[in-house]
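Order of the sequence lines sets the chain letters (A, B, ...), proteins ahead of strands, with each chain counted from 1.
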2 protein chains.
Amino acid sequence: MEALTRVAALLADRTRAAFCGALLDGRAWTANELAAHARVAPSTASEHLTRLIEAGLLVEYRQGRHRYVSLAGPHVAELLEAMTSFAGPGPQPRGLRAASASEAMARGRTCYDHLAGKLGVALKSGLLELGVVNGDLAITEPGLVWLKELGFEPSKRQVVRACVDWTERVPHLAGAAGAHLCQVFFERGWIKRIGTIRAVVLTPAGEQGWRELGLT
Amino acid sequence: MEALTRVAALLADRTRAAFCGALLDGRAWTANELAAHARVAPSTASEHLTRLIEAGLLVEYRQGRHRYVSLAGPHVAELLEAMTSFAGPGPQPRGLRAASASEAMARGRTCYDHLAGKLGVALKSGLLELGVVNGDLAITEPGLVWLKELGFEPSKRQVVRACVDWTERVPHLAGAAGAHLCQVFFERGWIKRIGTIRAVVLTPAGEQGWRELGLT
DNA sequence: CGGACGTTTCGGTGCCGGCCGAAGTGTCCC
DNA sequence: GGGACACTTCGGCCGGCACCGAAACGTCCG
């Protein structure tokens, strides 16, 4: 109860929440980058970062005159996600299956360590059709085999989780499997970052790769 | 991000958090009861309740001159739980299997709709030994049969969840199964509320019933 | 009807916390 | 070494919000 207010107060501030939102791309940002992103003075940002780090929400590693910070782990991303999706007007399935694949995937992004946005939703739909996951977004047995063929190694972390993205209101694929697929796609050059922040696009190689995997 | 700060700000206040903590017993409280519990004036409590209700965290039903409020559902309890357990110093398994059963169960309470405190931990340990759940607190196949014999009907709600209690730092059994078992125990007179708030004790009938089920 | 009680509305007060700018520290690079 | 740069510390300012008491409203009950 006491503990609850501590966490909540940290996230109740507009600026600190903006920091966390930016860090949801899973990368490390410098203090100045975050200050510019949230439109506050560097001194203000510095104080906020100290508090977030002391609370265990962020971790830092210093390199020369830079102070890099990032989320302390997937559990933080999951907490942020849980709180955010709670506030929203609830999941609206949005039943449109529309549009050609490449069109639908046009705008994607990362959500901490997995794919989100339209790209993430397309991935989820593809995995659903392939039978890798079922309608409740739970892994199936053939799905686990399928993942292992892509180099996936089960660990303590939950294999699949449903994540409701901040902008799209559609649940997509998170958890260890979501993170692994995202990593594999980066390694194969199937997706790449574009612009400055979390945006991600499917490359031509990626379109072909997805087709070969049977993902729409 | 905007949405995040809205929820967080609501829970960042000491008084509102105290309300939610009290309501975690799953029952409906009146405005005055909550005001007294949090040591604020009734007028102050009234304003807080209005805000919590508008945000969808609580629901009210009015009866005469009383305004009863309760948590809006399990999803709220789960959010509170997620935020609270985050703030703590992390789960410390606390390997002591000590003490006679009735002694260890002496102090129990409800956590929204399931058992918590030492009683909840004892229940979890018993179910673990029975093989109803495994070490990761996931339901097993024989466990599901066992539950169905106690009248459990699977629904959309997740069958078992791990819940870290506010006071004990040990994970215990929540989710649909935890709620069902708690309800059955109440119906059978195995547990009963004591004192004014969330405290629960195992009755003599309950001790016998638990033994017959094989729960320590 | 009238009094007790639970709740609500409204001003007014006080404090907490986020913000900035200025000055200081440490690092990099020419 | 010296200047540019990233970050930090410290005062001081200011707005927002939690709080209360007083008064009003509605319900219950004798």
Protein-nucleotide distance ([X], atom [atom1]; [N], atom [atom2]), rounded to Å:
X	N	atom1	atom2	value
A/R67	D/dT9	CZ	C1'	12 Å
A/L52	D/dT8	CG	C1'	16 Å
A/L11	C/dG18	CG	C1'	16 Å
B/H66	C/dT8	NE2	C1'	15 Å
B/Y68	C/dG6	OH	P	11 Å
B/L10	D/dG16	CG	P	17 Å
B/E33	C/dT7	CD	C1'	14 Å

To the nearest 10 degrees, the angle between the two end axes of the helix from C/dC1-D/dG30 to C/dC30-D/dG1 (five pairs per end) comes to 20°
Answer yes or no: is there a side-chain heavy-atom contact under 4.5 Å between [X] and [Y]?
X	Y	answer
A/L49	A/L34	yes
B/V159	B/F152	yes
B/L57	B/L80	no

[X] side chain to [Y] backbone, donor-acceptor under 3.5 Å:
X	Y	result
B/H114	B/H180	no
A/S46	A/P42	no
B/T44	B/V40	no

Which pairs would a plain distance check flag for residues 183-191 of chain B, meaning a side-chain donor or acceptor within less than 3.5 Å of a matching protein atom at least two apart in sequence or in another chain?
residue: B/Q183; atom: NE2; partner: B/E187; partner atom: OE2; Å: 2.9

So does A/N32 get a side-chain nitrogen or oxygen closer than 4.0 Å to the phosphate oxygens (OP1/OP2) of D/dC5?
no
If a pair satisfies salt bridge (charged side-chain N to carboxylate O under 4.0 Å, His left out) and one of its residues is in residues 60-71 of chain A, list it, with sequence neighbours excluded.
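Salt bridge (charged side-chain N to carboxylate O under 4.0 Å, His left out) check on residues 60-71 of chain A returns A/E60-A/R62, A/E60-A/R67.
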Got a sec, which pairs hit salt bridge (charged side-chain N to carboxylate O under 4.0 Å, His left out) with one end in residues 32-59 of chain A, sequence neighbours left out?
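Residue pairs passing salt bridge (charged side-chain N to carboxylate O under 4.0 Å, His left out), neighbours aside: none found.
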In B/S/- notation (B base, S sugar-phosphate only, - none; protein heavy atoms under 4.0 Å), nucleotides 18-23 of chain D written 5' to 3' is SSBBB-
Using side chain to side chain contact (heavy atoms under 4.5 Å, CB included) as the criterion, point out the one residue from A/I139, A/V160, A/L213, A/L215 that pairs with A/L127.
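The side chain to side chain contact (heavy atoms under 4.5 Å, CB included) with A/L127 is passed solely by A/L215 among A/I139, A/V160, A/L213, A/L215.
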Closest approach of A/A17 to B/L4 (non-hydrogen atoms, all atoms of both residues)
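Heavy atoms only, the tightest pair is CB-CD2, 4.0 Å.
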With distance as the sole criterion, do the side chain of A/R65 and the base of D/dC7 form a donor-acceptor contact below 3.5 Å?
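By the distance-only test, no, there is no pair.
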Between residues 54-64 of chain B and DNA chain D, which residues have a heavy-atom gap below 4.0 Å?
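The answer is B/G64.
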A/T30 near the nucleic acid: base, sugar-phosphate alone, or nothing, with a heavy-atom cut-off under 4.0 Å?
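Sugar-phosphate only.
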